[in-house]
Amino acid sequence: MIVKNQRKQRKKKQKKEDFGTCSFYCKPCQYEFEVEWETIWELQELTHGFVGFHTEDSFISCPKCHELVED
């Protein structure tokens with residue numbers, strides 16, 4: 001039973017698609033960073049209930065200074 005569960009978990013990991021990342025630039029600290037689209041979609045779903053390839057209504061903060069980043 002444990003072996004079957006482990007195989008299923010491995011297959012799920014292998015089938016996971018890579019949607020890439022989105023780049024952001026923080027003006028206050030002049031830092032460029034990337035966020036995976038899957039992370040952005042999770043934030044969108046939690047904040048307003050729908051997801052898409054857009055960032056104008058997503059609240060992404062800089063990992064260095066924690067300021068909200070604008071597109």
Side-chain angles (χ1 to χ4, degrees):
M1 187 71 167
I2 293 174
V3 175
K4 281 187 177 181
N5 288 339
Q6 289 175 344
R7 286 183 192 157
K8 285 182 183 179
Q9 288 176 352
R10 273 191 234 134
K11 286 182 182 181
K12 283 183 183 178
K13 287 181 184 178
Q14 290 173 353
K15 289 183 181 180
K16 186 177 179 181
E17 285 189 58
D18 182 18
F19 293 100
T21 60
C22 183
S23 295
F24 294 93
Y25 180 74
C26 178
K27 290 178 188 175
C29 67
Q30 299 179 356
Y31 179 66
E32 187 171 342
F33 62 98
E34 294 183 344
V35 178
E36 291 183 358
W37 275 109
E38 291 184 12
T39 303
I40 294 170
W41 294 332
E42 288 174 8
L43 292 170
Q44 289 174 342
E45 189 170 18
L46 289 171
T47 56
H48 49 74
F50 60 91
V51 298
F53 283 103
H54 61 281
T55 58
E56 63 269 353
D57 57 356
S58 301
F59 301 101
I60 307 293
S61 61
C62 175
K64 282 189 169 186
C65 69
H66 305 290
E67 291 288 324
L68 288 179
V69 178
E70 297 178 20
D71 287 346

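Closest approach of Leu43 and Phe59 over heavy atoms only: CD1-O, 4.3 Å. In this structure, Ser61 and Val69 approach most closely via the heavy-atom pair C-CG2, 4.2 Å.
Transitive grouping of hydrophobic side chains (ILVMFWY, heavy atoms separated by less than 4.5 Å) brings Phe19 and Ile60 into a common cluster. Hydrophobic clustering places Val51 together with Phe53 (ILVMFWY residues linked when any side-chain heavy atoms are closer than 4.5 Å, directly or through intermediates).
Side-chain atoms of Gln44 and His54, non-hydrogen and from C-beta on, do get closer than 4.5 Å to each other.
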Residues 28-38 side chain polar contacts: donor-acceptor under 3.5 Å, at least two apart:
| unit_1 | atom_1 | unit_2 | atom_2 | d |
| --- | --- | --- | --- | --- |
| Glu34 | OE1 | Thr21 | OG1 | 3.2 |

